[in-house]
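Report on the structure given below.
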Amino acid sequence: MRKTIPQKWDIETDVVVVGYGCAGATAAITASDEGAAVTILEKMPAGGGNTRISGGGWLTPTDVGFAEYVETLCGGLTEREVIRTFVKKAMGIGEWVKSVGGEARVFKPAQVSYVAGPFPGASFPWLPGSQHMLKMKLKEPADDGEGLWKFFTDTVEKRPIRVMLNTRAEELILNEKGEVAGVMARKEGGQLFIKARRGVILTTGGFGRDEEAKRDFLPCRPFFDFGNPANTGDGIRLAQKVGAALWHMPATSAALGFKTPEYDAAFCISFKTERFIFVNRDCRRFVDETGLEDHEIAAIVSTFDARRWSYPNIPAYGIFDETGRKKAPLFEGNSGFNRTLYKWSPDSSIEIEKGWVIKGNTIAELARKIKLNEAGLEQGLSQYAGYCRTGKDEDFGRAGETLVPLDTPPYYAIELYPCLCNTQGGPRRDSESRVLDPDGEPIPRLYAAGELGSIWGFIYQGGGNNAECIVFGQIAGSNAAAEKPWDDSKGNARRVVSCIGDRIDGPNARAG
Ligand SMILES: Cc1cc2nc3c(=O)[nH]c(=O)nc-3n(C[C@H](O)[C@H](O)[C@H](O)COP(=O)(O)OP(=O)(O)OC[C@H]3O[C@@H](n4cnc5c(N)ncnc54)[C@H](O)[C@@H]3O)c2cc1C
């Protein structure tokens, strides 16, 4: 729907960045360093989005040969030029961090976590090109998402960048030539018209909390979310309304998690002992549990059985024994939205009391409590015990040293669902971070970066999202800053394209 033309701008700037996470911060820092006046709009009381609750690491290619690996993971859904640009520029992320005042280091984890894949290298080491990558984290102030976010906010605050919190972008404004010329935002109930003389960069993150979009685009349901509640796909609708094509909508970074109604976000469940297996609703194992790369989980659990009209692997159950229970908590609390909201007890005893973890003195009792077939679960576990005795997993090839029987009662189960770290889909863009229309033509003065329409079109490589935010944030910031200001002096008519908001009426609200 078209709206009334605003009579005046409340704020004028060169570059408007919509969304204050890793991609938005990088874009703003770069545009500012290249001489542009920058305004960041963030709809929440604080920035950080998924960045702040992430693991804080990023991948760094050591050689351009890594592009072959990324191409394979993207499954032909991302142009070679985009991938090559990503790989080349990502090789320099450590240097970029240094150039703006930070220090990065190669990351080697102290402890193995099942399920996580062969961290810290490439998740799929058998694919060509996989040997050319490292994972990196910040040295200071901390190597988690909080530390990464503090680094970004400190770096933004050292620059003349205007950050407007509690300010939600609701419309993109086009000028007479059809160029993106500004943003209509809402702050404290009032509308603000913000002119972007050079360009607008969308970095609003994904759609992990947009139930409608998840229903429309993701391969199975339910699909819960570990992430930021504000990632509701706003940037997708903003871009669509000005003619953007979409890409990578079904792609995700997703793991298995536990969801309880008391918390909006799900808990990412990880096992730090080999004393566990997964079974599906048929009491069958469906994967090599310790060889699983947790970001690929959607591809594994989303098989639909049309004859039974159900997803047999949703929910799945993590089954473990008393020895396993005592070894480590199931939720580490170092990432995800719940990380500061709930502390999981070291031996899950509190979660057993709450009924989140189900206990059975025998396998049959456990099966009854989780409504699985008793004989089926007993048979599944006895088959697994047989593989442990022979040291050979006949079904999924789980590594011999991880084949430890679950032989100390009582037994436990936790219900597991596919849960998003984040989505990858959004407006299609090119190697210059320009948002493209369905004909592949750039929408003038509109850029995007980060999780909103990321390059990861098919299977995701851990560390790839933060890397992509930093790479395409820099490119978007630099290109938007280099645009010539559009000419507003001749009184060009402006029109407003509606995206999310309601009627434009009343006097323009003032900048806060
Ligand atoms: C639990 C977890 C662990 C992860 N671990 C890693 C990891 O270790 N390594 C890695 O590479 N990736 C990881 N990721 C993924 C990665 O963190 C994200 O993909 C990345 O941080 C996204 O950054 P972004 O800037 O694109 O979006 P975000 O950081 O999500 O920021 C988007 C911002 O836009 C704001 N916004 C939305 N709509 C509007 C609007 N209309 N107006 C104004 N503002 C708006 C949001 O409030 C938000 O602050 C993890 C994700 C999760 C959830």
Side-chain angles (χ1 to χ4, degrees), residues 16-28 40-60 90 93 107 116 119-120 135-137 143-145 148-149 152 163-172 183-187 201-210 225-238 252-255 257 265-268 294-295 331-339 419-424 426 448-454 456 460-470 472-473 476 499-501:
V16 175
V17 176
V18 183
Y20 191 22
C22 179
T26 308
I40 301 177
L41 310 181
E42 166 56 49
K43 74 176 176 183
M44 298 301 279
N50 270 350
T51 305
R52 188 175 192 165
I53 56 176
S54 76
W58 64 84
L59 71 79
T60 298
I93 292 177
F107 176 65
F119 207 79
K135 284 229 176 96
M136 296 188 87
K137 289 196 167 199
D143 67 5
D144 58 4
L148 184 65
W149 185 238
F152 275 111
V163 180
M164 297 180 64
L165 301 174
N166 294 306
T167 308
R168 180 181 190 223
E170 293 193 337
E171 319 260 357
L172 291 177
V183 176
M184 193 205 80
R186 190 172 293 275
K187 185 174 174 66
I201 304 173
L202 298 177
T203 55
T204 55
F207 58 94
R209 293 299 183 94
D210 178 347
D225 184 49
F226 302 129
N228 176 36
N231 287 26
T232 51
D234 295 11
I236 298 176
R237 291 183 293 277
L238 286 165
T252 61
S253 160
F267 293 87
C268 187
D294 60 357
H295 303 97
F331 173 65
E332 288 181 294
N334 56 5
S335 68
F337 193 70
N338 289 340
R339 76 202 189 294
C419 297
L420 291 163
C421 286
N422 55 279
T423 56
Q424 309 291 1
E451 188 181 305
L452 175 71
S454 97
W456 298 99
Y460 174 69
Q461 165 61 53
N465 275 123
N466 286 341
E468 133 115 43
C469 289
I470 299 173
F472 289 103
C499 291
I500 309 166

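Both ligands and their constituent atoms are indexed starting at 1 by order of listing. Residues take their numbers from the sequence shown, with the count starting at 1. A quick note: this is a predicted structure, and the numbers were derived from the prediction, not measured.
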Exercise. What do you reckon, does A449 have a nitrogen or oxygen under 3.5 Å from a nitrogen or oxygen of ligand 1?
Worked result: no
Seminar exercise, completed: For F226 and I53, the nearest pair of non-hydrogen atoms, with its separation, is O-CD1, 4.1 Å
Exercise. Is ligand 1 under 4.0 Å from a heavy atom in the side chain of N50, in the backbone, in both, or in neither?
Worked result: both
Exercise. Is F337 touching ligand 1 with its side chain, its backbone, both, or neither, if touching means heavy atoms under 4.0 Å apart?
Worked result: neither
Exercise. Is the side chain of T51 donor-acceptor paired with the backbone N or O of W149 at a distance under 3.5 Å, no angle test?
Worked result: no
For this session: List every atom of ligand 1 that sits less than 4.0 Å from any heavy atom of G56, numbering the atoms from 1 in the order shown and giving each element.
Result: 8 (O)
Exercise. Which one of N338, D234, N466 has a non-hydrogen atom at the shortest distance from atom 40 (C) of ligand 1?
Worked result: D234
Seminar exercise, completed: Which of N50, N228, N465 passes side chain to side chain donor-acceptor pair (under 3.5 Å) with N422? It is N465
Exercise. How far apart are the closest heavy atoms of G235 and L202, and which atoms are they?
Worked result: O-CD1, 3.9 Å
Problem set entry | Contact atoms of ligand 1, heavy-atom distance to Y460 under 4.0 Å | 10 (C), 11 (O), 12 (N)
Problem set entry | Distance filter under 4.0 Å to V18 heavy atoms, resulting ligand 1 atoms | 42 (N), 43 (C)
Problem set entry | Test: D144 and R339 ion pair at under 4.0 Å | no
Exercise. K43 side chain to A230 main-chain N or O, any donor-acceptor pair under 3.5 Å?
Worked result: yes
Seminar exercise, completed: Min over R237, E42, R168, E451 of heavy-atom distance to atom 35 (C) of ligand 1 lands on E42
For this session: Please confirm whether M44 comes within less than 3.5 Å of ligand 1 when only nitrogen or oxygen atoms on both sides are compared.
Result: no
For this session: Considering the heavy atoms of G49, write down every atom of ligand 1 situated less than 4.0 Å from one of them.
Result: 28 (P), 29 (O), 30 (O), 31 (O), 48 (C), 49 (O)
Exercise. Which ligand 1 atoms does C469 reach within 4.0 Å, using its non-hydrogen atoms?
Worked result: 20 (C), 22 (C), 23 (O), 24 (P), 26 (O)
Exercise. Taking N or O atoms only and a 3.5 Å limit, does G55 qualify as a polar contact for ligand 1?
Worked result: yes
Problem set entry | Ring centre gap for F107 and W58 strictly below 6.0 Å | no
For this session: Out of L165, I40, T51, indicate the one that has the non-hydrogen atom closest to atom 29 (O) of ligand 1.
Result: T51
Problem set entry | Atom pair CD (Q424) and OG1 (T252), whose distance is rounded to the nearest 0.5 Å | 7.0 Å
For this session: Can you sort out which atoms of ligand 1 are near N228, meaning under 4.0 Å from one of its heavy atoms?
Result: 46 (C), 47 (O), 48 (C)
Exercise. Between the candidates C268, G57, G208, which shows the shortest non-hydrogen contact distance to atom 7 (C) of ligand 1?
Worked result: G57
For this session: Give yes or no for whether the N/O distance cutoff of 3.5 Å, strictly under, is met between A23 and ligand 1.
Result: yes
Exercise. Got a second to check how far E170's CD is from L41's CG, nearest 0.5 Å?
Worked result: 11.0 Å
For this session: With rounding to the nearest 0.5 Å, note down the distance linking CG in L420 to CG in N231.
Result: 10.5 Å
Seminar exercise, completed: Here the gap from L59 atom CG to I93 atom CD1, rounded to the nearest 0.5 Å, amounts to 7.0 Å
Exercise. Which atoms of ligand 1 are found less than 4.0 Å from any heavy atom of G336?
Worked result: 1 (C)
For this session: Using a 4.0 Å heavy-atom threshold (strictly under), name the region of L59 that reaches ligand 1: side chain, backbone, both or neither.
Result: neither
For this session: Give yes or no for whether the N/O distance cutoff of 3.5 Å, strictly under, is met between G463 and ligand 1.
Result: yes
For this session: Considering the heavy atoms of N231, write down every atom of ligand 1 situated less than 4.0 Å from one of them.
Result: 30 (O), 46 (C), 48 (C)
For this session: Calculate, to the nearest 0.5 Å, the distance between atoms CG and CZ belonging to D225 and R209 respectively.
Result: 4.5 Å
Exercise. Counting heavy atoms only, which part of T232 comes closer than 4.0 Å to ligand 1: side chain, backbone, both or neither?
Worked result: neither
Problem set entry | Backbone or side-chain N or O of S335 under 3.5 Å from ligand 1 N or O | no
Seminar exercise, completed: When rounded to the nearest 0.5 Å, the distance separating CZ of F472 from CD of E451 is 15.0 Å
